[in-house]
Amino acid sequence: MVIRDADREVARRMYHVAVGIVAMRDDDIAVREAAVDAVRMPSPATIRALLAVGREKEWLASVVDALAEVGIAAAEEVLGDENE
């Protein structure tokens, strides 16, 4: 099955909104820098760095929710049958 473009776009926007809010509003400059990196270059390393600095932050749940949507949108690519 093919991932629908609409699902990708919703996940992409949720991610950018959630992480963008962190980049604009967190009081800690290191957190804001991690969020900017995660928006500019979303990768396992930049996302993990943001999650690490987000422990016990109020915004962590919204970022995790956005990442869940990204994972759901990509589930078939990542979790699909290797033989297909």
Side-chain angles (χ1 to χ4, degrees):
M1 181 175 206
V2 176
I3 299 170
R4 295 182 340 178
D5 288 339
D7 294 333
R8 286 178 187 263
E9 190 60 29
V10 167
R12 184 179 298 113
R13 288 182 184 192
M14 286 180 70
Y15 175 80
H16 281 102
V17 167
V19 179
I21 289 171
V22 175
M24 292 186 305
R25 295 189 180 166
D26 197 283
D27 294 334
D28 185 334
I29 189 71
V31 171
R32 291 198 325 244
E33 289 174 352
V36 168
D37 288 346
V39 169
R40 286 188 182 153
M41 300 174 300
S43 69
T46 60
I47 293 168
R48 285 187 177 117
L50 178 61
L51 294 174
V53 297
R55 291 191 177 118
E56 300 186 27
K57 295 279 191 170
E58 293 178 7
W59 50 259
L60 184 61
S62 64
V63 170
V64 170
D65 287 346
L67 288 169
E69 287 299 322
V70 171
I72 291 166
E76 290 185 17
E77 286 182 19
V78 175
L79 302 172
D81 186 3
E82 294 176 3
N83 299 319
E84 288 185 16

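- Atom CD of Glu69 and atom CG of Asp7 lie 8.5 Å apart (nearest 0.5 Å).
- No donor-acceptor distance shorter than 3.5 angstrom exists from the side chain of Ser62 to the backbone of Ala18, with no hydrogens or angles considered.
- The shortest non-hydrogen separation linking Val39 to His16 is CG1-CD2, 3.6 Å.
- Atom CG of Asp65 sits about 6.5 Å away from atom CE of Met14, to the nearest 0.5 Å.
- Residue Trp59 comes nearest to Val31 through the heavy atom pair CZ2-CG1, 3.6 Å, listed as atom of the first residue, atom of the second, then distance.
- In this structure, Val36 is not a member of the same hydrophobic cluster as Leu60, with clusters built from ILVMFWY side-chain heavy atoms closer than 4.5 Å.
- Rounding to the nearest 0.5 angstrom, the gap separating the CD1 atom in Ile47 from the CG atom in Asp37 is 11.5 Å.
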From CA spacing to verdict: side chain to side chain contact (heavy atoms under 4.5 Å, CB included), Val64, Leu51: CA-CA 8 Å; Val64 170; Leu51 294 174; 4.2 Å; yes
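- Side-chain contact between Val63 and Leu67 is present, with at least one heavy-atom pair separated by less than 4.5 Å.
- Between Val10 and Tyr15, every side-chain heavy-atom pair lies at or beyond the 4.5 Å cut-off.
- Under the 4.5 Å side-chain criterion, counting only non-hydrogen atoms from C-beta, Asp28 is in contact with Lys57.
- No side-chain heavy atom of Glu9 sits less than 4.5 Å from a side-chain heavy atom of Asp5.
- Closest of all the heavy-atom pairs between Val19 and Ala35 is CG1-O, 3.4 Å.
- By the 4.0 Å N-to-carboxylate-O rule, Arg8 lies close enough to Glu77 to be salt-bridged with it.
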